[in-house]
2 protein chains.
Amino acid sequence: MRTFVAVVDTGRFQDAAADLSISQQAVSKRIAGLEKDLAVRLFTRTAHGARLTIDGQAFLPHARELLRVAERAVASVLPGSRPLRVDVIASRSAASGLMRGFHRAHPEIELDVVMLFDIEAAVAAIRSGAIDASFRAVAVPGRPLPEEIDSVWVQDEVLQLLTGPDHVLAGARSVTLAQLTGHRIWMPGIVPGTEWAAYYDDLVAEFGLTIEATGPNFGSDALLDTIADTPALATFMGKQTRLVWPAGHGLRRIPVTDPTPVYPHSLLWRRDNPHPGLAVLRDHLAAASAGPGDAGIWAPGWATRR
Amino acid sequence: MRTFVAVVDTGRFQDAAADLSISQQAVSKRIAGLEKDLAVRLFTRTAHGARLTIDGQAFLPHARELLRVAERAVASVLPGSRPLRVDVIASRSAASGLMRGFHRAHPEIELDVVMLFDIEAAVAAIRSGAIDASFRAVAVPGRPLPEEIDSVWVQDEVLQLLTGPDHVLAGARSVTLAQLTGHRIWMPGIVPGTEWAAYYDDLVAEFGLTIEATGPNFGSDALLDTIADTPALATFMGKQTRLVWPAGHGLRRIPVTDPTPVYPHSLLWRRDNPHPGLAVLRDHLAAASAGPGDAGIWAPGWATRR
DNA sequence: AAATCGCACAACCACGGGTTGTGTACTAAG
DNA sequence: CTTAGTACACAACCCGTGGTTGTGCGATTT
């Protein structure tokens, strides 16, 4: 690809060869090999050099794009000035949505999103510099963060009930947590030991819900399919989570009240992290911070808010 | 990259090896080589298989993207169901804008844009099936199109004068073509023998303008820089052409009247071309067709409109 | 007609990247 | 604790990809 683009840019095989510090014959072989693999002619050879064929013209932007992507791929693991690397607690969480919003607002800031196991791993990664920031629920002062790590509350993610059209509660305008007692709540993909597990453990203990965290996570599609088809099953989902599901599933979002369960997201970062994107992210989040207010909400006792 | 993604998807070196029909040792070597090139560890090796490191997680989406791009690159020259391939007359022409609009309206339709030398080349490429459609100015019945090629008028591109802030006409609300007599109009990159050359030849012959088509085309940036800094120089530019230029250049767009020069764009395609995207493109353009109306406009005598 | 330019082909060679065979670390079972 | 099994790494080997130099051919220029 690099050779192909070099020939396009220089217009001559031998100039491209000089650019690449190889022989003209090597360029000829590379192009011939590429043309053989693709089974099309990319250049018309003239006495003045090489001109793109129509196929070559169509191929060129894809070749350039490939080189760009390859460069970004290398940059993503390059120590030094690599992209801002942020850990989110789950791909469907509000943290993911916030990062998408940040990317829309600052597309010039290269971004990589990763998912670590729990806050222990996140704190270790932040300390080592392997990641630049992390969205997590911060524990109460009982287990304080290391001194060099700062954190700031960002958003309370309001949880809603998601049911299929045939669920008993499908028609309800809202439900209370107490009303959910006895109903089966299904949360596949909750890994024991993570904050989500701790969160729902607390929720179960306090309100006597029946939450089934069993079963592997086959992805959003499988979850939504099952919820839509099973009248006895419901699940929790963030209010802002935007899902695409096939039309006609008839899924219902039902607000939960008295109290409304929320998941408090904070941003964690190392105070002396010099990454320029980090300050921009903090500023962006400060402006985007929002929550339902303190009235009538519930969060686990171990989690700090604000 | 393929091996890296295969290991991620299967979770085990040997399963990836089976998928790729190579030995487990080959996978081990490939991953080791990739890790050596990138100078980072991508996997933590456990007794159960391989798990991604943080660097690996950051790298993964780029790797997947690279494979996607590579696939599209191959598809762009694959005979059979390749992307819709459309020839435009120039990258700054209204045709390019129309194709961008089409892509926004139908992002699901894969698209490749090429630029052929002139309408002869375009007609030949359409007949051979090398391209699916072409934006061109269609000549009068004197030189009719081949029988198997259809064409339909799409849009009249209105030309405006573009000047720097210190140009004599910079303050004018509009100018007539007659007023431009004696002024230097600079159109770099106009290649002799193309329709653009014929167009401006006619314009010069009819209104006695001074158009300098000399000099190589160093791109929009160089053109705009020169226009902005040279009081005696102006150029023509499509009314809808959206350019990004550095702030403070103070470039002025000035409508031209009595008459308004327009470039008539038609779409050409082979009647029996079965590409599904072609019908969508024609429908889209039929809805998007627009022009200034017939009153007070000028187009070369050889060009048909409607 | 001769010189020049630009790419392709031929012959050759080195090394990258595959193979098989074996070793080591960790896990699970008895 | 031993033993068997699993999973990846290392070693030795070898073929073929992909580089080199040398040369040929067609087109353009003088």
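The shown structure was predicted, so the numbers you read here are calculated from the model rather than taken from an experiment.
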Within a reach of under 6.0 Å around CD of B:Glu212, are more than 12 heavy atoms found that belong to other residues, nucleotides or ligands? yes

May I have the distance from B:Leu34 (atom CG) to C:dG17 (atom P), rounded to whole angstrom? 11 Å

Between A:Arg12 (CZ) and C:dG6 (P), how many Å, whole number? 5 Å

Between the base of C:dG21 and the side chain of B:Gln25, is one N or O donor paired with an acceptor at under 3.5 angstrom? yes

Without decimals, in angstroms, what is the distance between A:Arg30 CZ and D:dT17 C1'? 12 Å

Any idea which of D:dT20, C:dC7, C:dG18 is nearest the A:Ser23 side chain? D:dT20

Please tell me which of the listed nucleotides, C:dT19, C:dC7, D:dT29, lies nearest to the side chain of A:Ala50? C:dC7

Rounded to whole Å, the NE2-C1' distance (A:His48 to C:dT4) equals 13 Å

Just the rounded figure in Å: distance from C1' of D:dG18 to CZ of A:Arg2. 16 Å

Quick check on D:dA9: is either OP1 or OP2 less than 4.0 Å from any side-chain nitrogen or oxygen of B:Arg45? yes

Picking from D:dT21, D:dC8, C:dG18, the nucleotide nearest the side-chain atoms of B:Phe13 would be D:dC8

In terms of side-chain heavy atoms of B:Ile22, which of C:dT19, C:dC7, C:dT27 is nearest? C:dT19

Check the distance between D:dG24's P and A:Gln24's CD and give it to me in whole angstrom. 15 Å

Scan B:Arg82, B:Arg270, B:Arg127, B:Arg85 and name whichever one has a salt bridge (charged side-chain N to carboxylate O under 4.0 Å, His left out) with B:Asp132. B:Arg82

Using a distance-only test with no angle check, is there a side-chain donor-acceptor pair under 3.5 angstrom linking B:Asp15 and B:Thr10? no

Inspect the contact between B:Arg68 and B:Glu110 and indicate whether a charged nitrogen and a carboxylate oxygen are less than 4.0 angstrom apart. no

B:Arg45 and B:Glu35: CA distance, side-chain angles, deciding distance, salt bridge (charged side-chain N to carboxylate O under 4.0 Å, His left out) verdict: CA-CA 13 Å; B:Arg45 279 76 162 171; B:Glu35 289 178 330; 2.9 Å; yes

Rounded off to whole Å, could you give me the NZ-to-C1' distance for the A:Lys36 and C:dA8 pair? 16 Å

Comparing nearest nucleotides in DNA chain C, the 5'-proximal residue of the pair B:Ala47, B:Ala26 is B:Ala26

Report yes if a side-chain nitrogen or oxygen of A:Ser28 is closer than 4.0 Å to either non-bridging phosphate oxygen (OP1 or OP2) of C:dA8; otherwise report no. yes

Closest nucleotide among D:dA7, C:dG18, C:dA11 to the B:Gln14 side chain: D:dA7

Euclidean distance, atom CG of residue B:Leu20 to atom C1' of C:dG18 [Å, nearest integer]: 13 Å

